[in-house]
Amino acid sequence: CALPISGADTNDGLSVTTPWKTLAQAASVFTGAQGGDYLLLKRGDVWHEEGTFVFNGASMSALAIIDAYGDLSLPLPLIDGADSAIWTLDSGSIWKTTVAQFEHVFDLTNNEENYFGHRMPDKTAKVDMVENSTYFDGTATLYAWFSGSRAPDSNIEVCNRVNGLTTRPLTGYVRITNIDARRVRNTGLYFVYSNNDPVAVFTEFYKCNAKYGGVNSVQNTTDRKSVA
(Lines give C-alpha, C1' and ligand atoms only; values in the text may rest on other atoms or scores of the structure.)
Protein backbone atom coordinates (compact mmCIF):
# COMPACT_ATOMS: atom_id res chain seq x y z
CA CYS A 1 0.00 0.00 0.00
CA ALA A 2 1.38 3.42 -0.96
CA LEU A 3 0.54 6.83 0.48
CA PRO A 4 1.69 10.18 -0.96
CA ILE A 5 -0.19 13.36 -0.10
CA SER A 6 -0.86 13.74 -3.84
CA GLY A 7 -2.79 10.45 -3.96
CA ALA A 8 -6.54 9.87 -3.86
CA ASP A 9 -8.54 7.78 -1.42
CA THR A 10 -10.59 6.50 -4.34
CA ASN A 11 -7.50 4.64 -5.63
CA ASP A 12 -6.79 1.05 -4.64
CA GLY A 13 -3.57 2.00 -2.84
CA LEU A 14 -1.75 -1.06 -4.15
CA SER A 15 1.11 0.74 -5.92
CA VAL A 16 2.90 4.07 -6.18
CA THR A 17 0.91 4.76 -9.35
CA THR A 18 -2.49 4.28 -7.64
CA PRO A 19 -1.82 5.49 -4.07
CA TRP A 20 -4.14 6.58 -1.29
CA LYS A 21 -3.95 10.09 0.13
CA THR A 22 -4.86 10.02 3.84
CA LEU A 23 -3.81 8.07 6.91
CA ALA A 24 -7.49 7.61 7.70
CA GLN A 25 -8.05 5.73 4.46
CA ALA A 26 -4.92 3.65 4.97
CA ALA A 27 -5.95 2.80 8.53
CA SER A 28 -9.45 1.76 7.47
CA VAL A 29 -8.12 -0.63 4.83
CA PHE A 30 -4.82 -1.67 6.40
CA THR A 31 -6.63 -2.84 9.55
CA GLY A 32 -6.09 -6.55 9.87
CA ALA A 33 -2.91 -6.50 7.76
CA GLN A 34 -0.83 -9.63 8.10
CA GLY A 35 2.79 -10.62 7.81
CA GLY A 36 4.43 -9.42 4.62
CA ASP A 37 2.09 -6.44 4.20
CA TYR A 38 3.67 -3.00 3.73
CA LEU A 39 2.30 0.52 4.11
CA LEU A 40 4.69 2.99 2.45
CA LEU A 41 4.60 6.76 3.09
CA LYS A 42 6.28 9.05 0.57
CA ARG A 43 9.38 10.97 1.65
CA GLY A 44 8.99 14.73 1.69
CA ASP A 45 5.22 14.60 2.31
CA VAL A 46 3.39 15.85 5.42
CA TRP A 47 0.14 14.51 6.90
CA HIS A 48 -1.80 16.79 9.26
CA GLU A 49 -3.80 13.98 10.83
CA GLU A 50 -3.51 11.19 13.38
CA GLY A 51 -3.20 7.58 12.25
CA THR A 52 -4.30 4.58 14.33
CA PHE A 53 -3.59 1.14 12.89
CA VAL A 54 -4.84 -2.22 14.18
CA PHE A 55 -2.74 -4.88 12.51
CA ASN A 56 -0.10 -7.49 13.12
CA GLY A 57 2.47 -9.65 11.43
CA ALA A 58 2.81 -13.41 11.57
CA SER A 59 6.35 -14.00 12.80
CA MET A 60 9.82 -12.47 12.94
CA SER A 61 10.28 -13.47 9.30
CA ALA A 62 6.85 -12.15 8.25
CA LEU A 63 6.45 -8.72 9.83
CA ALA A 64 3.78 -6.12 9.02
CA ILE A 65 5.73 -2.98 8.12
CA ILE A 66 5.18 0.77 7.84
CA ASP A 67 8.09 2.42 6.03
CA ALA A 68 9.08 5.28 3.72
CA TYR A 69 9.61 5.30 -0.03
CA GLY A 70 10.83 7.79 -2.60
CA ASP A 71 13.82 10.09 -3.08
CA LEU A 72 16.32 9.40 -0.28
CA SER A 73 17.49 13.02 -0.37
CA LEU A 74 14.06 14.18 0.83
CA PRO A 75 13.01 14.35 4.51
CA LEU A 76 11.27 11.44 6.17
CA PRO A 77 7.48 11.37 5.77
CA LEU A 78 6.11 13.61 8.51
CA ILE A 79 2.98 13.10 10.61
CA ASP A 80 2.40 16.59 12.01
CA GLY A 81 0.17 16.96 15.06
CA ALA A 82 -0.13 20.73 14.64
CA ASP A 83 -1.70 23.07 12.10
CA SER A 84 -1.30 26.64 11.02
CA ALA A 85 -4.05 28.49 12.86
CA ILE A 86 -6.26 31.38 11.75
CA TRP A 87 -5.31 34.29 14.01
CA THR A 88 -7.10 37.60 14.47
CA LEU A 89 -5.77 40.62 16.32
CA ASP A 90 -7.33 41.00 19.77
CA SER A 91 -5.60 44.11 21.11
CA GLY A 92 -2.10 45.57 21.08
CA SER A 93 0.27 42.68 20.31
CA ILE A 94 -2.13 39.99 21.50
CA TRP A 95 -3.62 37.69 18.87
CA LYS A 96 -6.29 35.02 19.28
CA THR A 97 -7.41 31.83 17.58
CA THR A 98 -10.17 29.26 18.13
CA VAL A 99 -9.15 25.85 19.49
CA ALA A 100 -10.95 22.84 20.92
CA GLN A 101 -8.97 22.90 24.15
CA PHE A 102 -5.76 24.38 25.49
CA GLU A 103 -2.90 23.32 23.28
CA HIS A 104 0.82 23.70 22.70
CA VAL A 105 1.91 26.48 20.37
CA PHE A 106 5.02 25.89 18.24
CA ASP A 107 7.31 28.39 16.52
CA LEU A 108 8.93 26.83 13.45
CA THR A 109 10.85 29.94 12.36
CA ASN A 110 14.23 29.23 10.69
CA ASN A 111 13.33 25.53 10.45
CA GLU A 112 13.59 25.23 14.23
CA GLU A 113 11.00 23.65 16.49
CA ASN A 114 10.43 25.53 19.70
CA TYR A 115 7.55 26.03 22.05
CA PHE A 116 6.11 29.51 21.81
CA GLY A 117 6.15 30.66 25.41
CA HIS A 118 5.84 27.56 27.58
CA ARG A 119 4.60 24.05 26.82
CA MET A 120 1.03 24.82 27.75
CA PRO A 121 -0.78 28.17 27.89
CA ASP A 122 1.11 29.59 30.84
CA LYS A 123 -1.16 32.34 32.16
CA THR A 124 -4.36 31.81 34.11
CA ALA A 125 -5.85 35.20 33.24
CA LYS A 126 -5.63 37.39 30.19
CA VAL A 127 -4.66 40.41 32.28
CA ASP A 128 -1.56 38.50 33.44
CA MET A 129 -0.19 38.04 29.92
CA VAL A 130 3.24 39.36 29.05
CA GLU A 131 5.33 39.26 25.88
CA ASN A 132 5.74 35.74 24.44
CA SER A 133 3.08 34.21 26.68
CA THR A 134 -0.18 32.38 26.02
CA TYR A 135 -3.55 32.13 27.73
CA PHE A 136 -6.55 29.83 27.14
CA ASP A 137 -9.96 31.09 28.25
CA GLY A 138 -11.25 27.61 29.12
CA THR A 139 -13.81 27.42 26.32
CA ALA A 140 -12.54 27.92 22.79
CA THR A 141 -10.12 30.84 22.52
CA LEU A 142 -6.33 30.74 22.74
CA TYR A 143 -4.44 34.03 23.10
CA ALA A 144 -0.78 34.66 22.28
CA TRP A 145 1.26 37.83 22.85
CA PHE A 146 3.80 38.20 20.04
CA SER A 147 6.84 40.36 20.66
CA GLY A 148 7.31 43.72 18.99
CA SER A 149 5.38 44.16 15.78
CA ARG A 150 5.42 40.48 14.88
CA ALA A 151 2.19 38.99 13.61
CA PRO A 152 1.54 35.21 13.61
CA ASP A 153 2.32 33.55 10.29
CA SER A 154 2.53 30.03 8.87
CA ASN A 155 5.53 29.33 11.13
CA ILE A 156 3.23 29.42 14.15
CA GLU A 157 1.41 26.10 14.55
CA VAL A 158 -1.12 25.02 17.16
CA CYS A 159 -1.22 21.39 18.28
CA ASN A 160 -4.53 19.71 17.50
CA ARG A 161 -3.86 15.98 17.87
CA VAL A 162 -3.05 13.62 20.73
CA ASN A 163 -0.68 11.19 19.01
CA GLY A 164 1.03 10.89 15.64
CA LEU A 165 1.06 7.24 14.65
CA THR A 166 -0.55 4.72 17.01
CA THR A 167 -0.31 0.98 16.44
CA ARG A 168 -2.49 -1.57 18.19
CA PRO A 169 -1.12 -4.93 17.05
CA LEU A 170 -3.31 -7.91 17.86
CA THR A 171 -0.37 -10.31 18.23
CA GLY A 172 2.63 -8.15 17.41
CA TYR A 173 5.40 -8.62 14.86
CA VAL A 174 5.23 -5.02 13.63
CA ARG A 175 8.02 -2.74 12.41
CA ILE A 176 7.74 1.03 11.95
CA THR A 177 10.73 2.44 10.04
CA ASN A 178 11.78 5.86 8.69
CA ILE A 179 8.74 7.79 9.95
CA ASP A 180 8.82 11.28 11.47
CA ALA A 181 6.04 12.19 13.93
CA ARG A 182 6.04 15.38 15.97
CA ARG A 183 4.21 18.36 17.47
CA VAL A 184 1.54 16.23 19.14
CA ARG A 185 -0.08 16.59 22.55
CA ASN A 186 1.01 13.18 23.83
CA THR A 187 3.24 10.82 21.85
CA GLY A 188 4.70 10.88 18.34
CA LEU A 189 4.91 7.12 17.86
CA TYR A 190 2.79 5.07 20.24
CA PHE A 191 2.54 1.31 20.52
CA VAL A 192 -0.46 0.07 22.51
CA TYR A 193 -0.06 -3.38 24.00
CA SER A 194 -2.79 -5.86 23.19
CA ASN A 195 -2.16 -8.05 26.22
CA ASN A 196 -0.44 -8.07 29.59
CA ASP A 197 2.69 -9.83 28.38
CA PRO A 198 4.73 -7.28 26.40
CA VAL A 199 7.74 -9.61 26.24
CA ALA A 200 5.72 -11.92 24.00
CA VAL A 201 4.95 -9.14 21.53
CA PHE A 202 7.58 -7.88 19.10
CA THR A 203 7.26 -4.35 17.79
CA GLU A 204 10.01 -2.09 16.60
CA PHE A 205 10.35 1.60 15.85
CA TYR A 206 13.61 1.96 13.92
CA LYS A 207 15.32 5.02 12.42
CA CYS A 208 12.32 7.15 13.29
CA ASN A 209 12.06 10.69 14.58
CA ALA A 210 9.36 11.08 17.19
CA LYS A 211 9.07 14.42 18.90
CA TYR A 212 6.88 15.75 21.68
CA GLY A 213 7.84 19.34 21.02
CA GLY A 214 11.61 19.05 21.10
CA VAL A 215 11.69 15.85 23.18
CA ASN A 216 12.19 12.35 21.81
CA SER A 217 8.85 10.63 22.15
CA VAL A 218 8.50 6.91 21.53
CA GLN A 219 6.35 4.89 23.95
CA ASN A 220 6.04 1.22 24.79
CA THR A 221 8.36 -0.44 22.29
CA THR A 222 9.33 -3.97 23.25
CA ASP A 223 12.52 -4.11 21.22
CA ARG A 224 14.27 -0.86 20.49
CA LYS A 225 13.83 2.88 20.42
CA SER A 226 15.84 4.72 17.81
CA VAL A 227 15.93 8.23 16.41
CA ALA A 228 17.73 9.07 13.18
Side-chain angles (χ1 to χ4, degrees), residues 1-7 13-81 113 161-184 186-194 198-212 214-228:
C1 303
L3 199 70
I5 204 65
S6 59
L14 297 179
S15 73
V16 296
T17 59
T18 57
W20 294 320
K21 178 181 180 69
T22 65
L23 295 176
Q25 172 67 10
S28 69
V29 178
F30 205 62
T31 295
Q34 298 296 314
D37 287 340
Y38 280 76
L39 175 64
L40 302 177
L41 277 64
K42 189 177 181 181
R43 287 177 176 267
D45 282 358
V46 180
W47 286 264
H48 288 272
E49 56 177 316
E50 183 176 344
T52 300
F53 294 84
V54 181
F55 65 108
N56 51 267
S59 67
M60 290 298 295
S61 60
L63 302 174
I65 295 173
I66 298 179
D67 202 345
Y69 79 96
D71 187 342
L72 294 178
S73 67
L74 294 176
L76 295 178
L78 171 62
I79 301 172
D80 192 342
E113 183 173 332
R161 284 167 283 279
V162 177
N163 299 313
L165 182 66
T166 299
T167 60
R168 299 176 181 271
L170 304 176
T171 58
Y173 302 114
V174 171
R175 174 177 288 142
I176 314 296
T177 306
N178 296 314
I179 302 299
D180 192 351
R182 60 186 64 217
R183 294 188 286 276
V184 295
N186 185 15
T187 306
L189 297 173
Y190 187 24
F191 168 60
V192 180
Y193 294 132
S194 58
V199 176
V201 179
F202 173 89
T203 191
E204 177 182 67
F205 295 102
Y206 185 58
K207 292 184 178 178
C208 293
N209 289 326
K211 301 289 185 179
Y212 172 68
V215 181
N216 292 337
S217 177
V218 180
Q219 282 194 9
N220 294 358
T221 59
T222 58
D223 185 59
R224 73 178 81 171
K225 304 176 185 177
S226 178
V227 293

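Heavy-atom basis, side chains included; hydrogens, waters and symmetry copies ignored.
Under the side-chain contact (heavy atoms from CB on, under 4.5 Å) criterion, Thr52 pairs with Glu50, Thr166, Arg168, sequence neighbours left out. Taking the side-chain contact (heavy atoms from CB on, under 4.5 Å) definition, one finds that Ala27 meets it with Phe53, sequence neighbours left out.
Checked by atom type and distance alone, the side chain of Glu49 never pairs as donor or acceptor with a backbone atom of Thr22 at under 3.5 Å.
Put simply, the side chain of Ile65 reaches to within 4.5 Å of the side chain of Arg175, judged on heavy atoms. Side-chain atoms of Lys42 and Tyr69, non-hydrogen and from C-beta on, do get closer than 4.5 Å to each other. Side-chain contact between Val16 and Leu40 is absent, with no heavy atoms from C-beta onward closer than 4.5 Å.
Interatomic distance, Asp45 CG to Asp180 CG, rounded to the nearest 0.5 Å: 12.5 Å. Here the CD1-CD1 distance, from Ile66 to Ile179, works out to 7.0 Å after rounding to the nearest 0.5 Å. Once rounded to the nearest 0.5 Å, the distance linking CH2 of Trp47 with CG of Asp80 reads 12.0 Å.
Heavy atoms only, all atoms of each residue included: Ala68 and Arg43 are closest at CB-CG, 4.0 Å.
Under the side-chain contact (heavy atoms from CB on, under 4.5 Å) test applied with Asp67, the options Leu39, Leu41, Asn178 reduce to a single match, Asn178.
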